[in-house]
Amino acid sequence: MSELVRLGDGGTEVVIDVATGAPTIVHWGAPLGAGAELSTLMSALSRPVVPGGVDTIAPIPVVPEYGSGFTGRPGLTGRRAQGRAWAPRFVPVDHHLSDGTLTVDSVDETAGLALRVTIVLDDVLRVRATVENTADRRYSLDGLTITLPLAEQAGELLSFQGRWSREFQSVRREWSSGSILIENRRGRTSHEYPSLLFGGHRGFDEWQGEVWGAHVAWSGNHTMFAERLPDGRRYLQGGELLHPGEVVLDPGESYTTPELVAVHSSTGLTDATQGFHRSLRARPTHPATLRPVLLNTWEAVYFDHDTDKLKALADAAADLGIERFVLDDGWFGSRRDDTKGLGDWWVSDNVYPDGLKPLISHVTSLGMEFGIWVEPEMVNPDSDVFRAHPDWALITQGYEPVLGRQQLVLDLGNPEAFEFILGHLDALLRDHDISYVKWDMNRDHIHGSNQAGAAGTHGQTLALYRLLDELRDRHPDVEIESCASGGGRIDHEILWRTERVWTSDCNDALERQTIQRGASMLIPPELMGAHIGPTRSHTTGRTQTLSFRAATALFGHLGVEWNVTKLTDEERIALRAVIAMHKEHRELLHSGDVVRFDTDPAYNAHGVYAPDRSKGIVSFAQLTSAPSQTPPPLRLPGLDPDARYRVVHLAIPFETWGAARVQPAWLHDGVDLTGRQLAAHGVQPPTLHPESAVLFELTRLG
Ligand code: DGJ
């Protein structure tokens, strides 16, 4: 007999049956309305028992049980000695709803396990589970994941893949049967396997079709899985990926999953992904101040640190209107290149004989904040700290360690190593006027064991969170950026502790158009670091106009990563104007609802609308040469249909378009159209060259 609990946030409703072993989500979709008789719905949906199967139909609860007859991928796997307790079956014992959180407790007395599931529906659906070992013997946990049901009509999947310098590439696929599995063993959220997966009605796009999406909010290893069972039912599953023996529960101990953060919309992907943004914007730590335009020294000087040159760079930056100066890798220990010095977190005497203070006061006297780069989780074997403490590395004794960028991971689960790093970072922040930390992490975990010799990624991830939390406690006003060779650690859990991500090491605007579009499905623009790099991209060798680089970076948390002491006069004038333009619009750019539009793949169209739909800014970029000489009109759905809008071309300094004898006339003076007209017909963009963009500004009239 079902016992149903309803959770609703206005736009989405979730109905949970708390009478199954673990709770089962029986509805996750549009609100069912006040008159809905849920028990009738349940009986309308009861499934036939068919030949060739068992006599009861196992539900698909949040933690599905093989022990109850579920033959998909179980939610809880583990065992005791001799392989016992390997397939538990839970019985619900209690549930309560308080402050919008539904908590359901279940037990399996035979296996000696207790399970607690919590479900919250606010801007997103958040689900976690905890398993506790209630017996008097150890329980070795292989995995505890969260499962959400998808409608049988969800016949298409959207997942993401990538690599260094090419993060968040979307992959769309037909999903008529079978399963897909995404497994990340890189020890950080990874460039390769972003933990983000959507399922939707066939043909769903940015503005149409019912869509469901989920993200594992975790910065270590993860697994995501979606299966269509042979009986037609579909589900999506996500959680931490545990190495063998990585979590062993002694009597009384428990393990809690990362939060599975999930979104739903009946009207396409743009609306669904705004849920992820609202959720991050609701964090108490979400930046409340205007995002300062920053200059990062990396692609400007790399390891060529010299106080005078850096002061000159700061002068040029301040003159452009930059507000934060971030000193990247190379300021400490023997770190003159990327082969040595990591872990020696003291200012290099050779490069900074008078310390960092002269540079910092120079920067702050120019009215800019000072930020600094660190990579606290790493050591180079060629470093003083590693020579003194070779046992602090997260390696597996007895094997030659696998290096990555000539470095090893420091075992933060080792209390001495943890205290060492905490002490040095704390002193760095205490002794200097530093407002911002770029926290980098430049290698995967490979074959890393903790001090007991067991797999160490789970412990390392928790220790990283502790380290960040402790520093935040001691230095609450210092903002932190999450960087991992670019976008290798972008997830909602790290973002509870950080104020920005470095989206990608790739500053090539063409690549960035795609990377940022993908990342915008998980994070809002004010958290997304986007830099104007050098004219010739360091990662791809492509050369792009400043206006295209600017149009691309303007939509994120803007930065410049370019040696601005070497600009031509025209570049300086243009860059100064671009920065001013960003400042003029950043309040809207960083608080608006992110909208993406469906176009031919030769283009990328996106923007932001003010939440009250009073204004908006839209970018239309031509990425490659297109099938038609003239782009099709750009339809702009999602505005107030009955309001009139003035649409004008928002010029980027020194922008160039493509070859047309006459460009569309409306671009000169703007045009007034209703939201309904903009959705149905849109506006005609100019003819553009590949790798160029045009911006439009929308203002509601009257
Ligand atoms: C990787 C980062 O993504 C870069 O921006 C830069 O900080 C380098 N590391 C420095 O080593």
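Note that this is a predicted model, so its numbers are computed, not measured. In each ligand, atom 1 is the first atom listed, and ligand 1 is the first ligand listed.
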Open item on the list: Can you list every protein residue that has a heavy atom under 4.0 Å from any atom of ligand 1, sorted by chain and residue number?
Closed with: Trp298, Asp328, Asp329, Trp373, Arg405, Lys438, Asp440, Asn442, Cys483, Ser485, Gly486, Trp502, Asp505
TODO: Check for a donor-acceptor pair, side chain of Arg549 on one end and backbone N or O of Gln544 on the other, with a separation under 3.5 Å.
DONE: yes
TODO: Check whether the ring centres of Trp218 and Tyr465 lie less than 6.0 Å apart, and answer yes or no.
DONE: yes
Open item on the list: Measuring centre to centre across the rings, with the benzene-like ring taken for any Trp, is Tyr399 within less than 6.0 Å of His447?
Closed with: yes
Task: Trp502 six-ring face occupied by Arg512 cation (under 6.0 Å, within 45°) - done: yes
Open item on the list: Show every ring-ring contact (aromatic ring centres under 6.0 Å, His included) that has at least one partner inside residues 537-572, sequence neighbours left out.
Closed with: Tyr302-His538, Phe555-His606
TODO: Indicate, with yes or no, if the rings of Phe420 and Trp392 have centres closer together than 6.0 Å.
DONE: yes
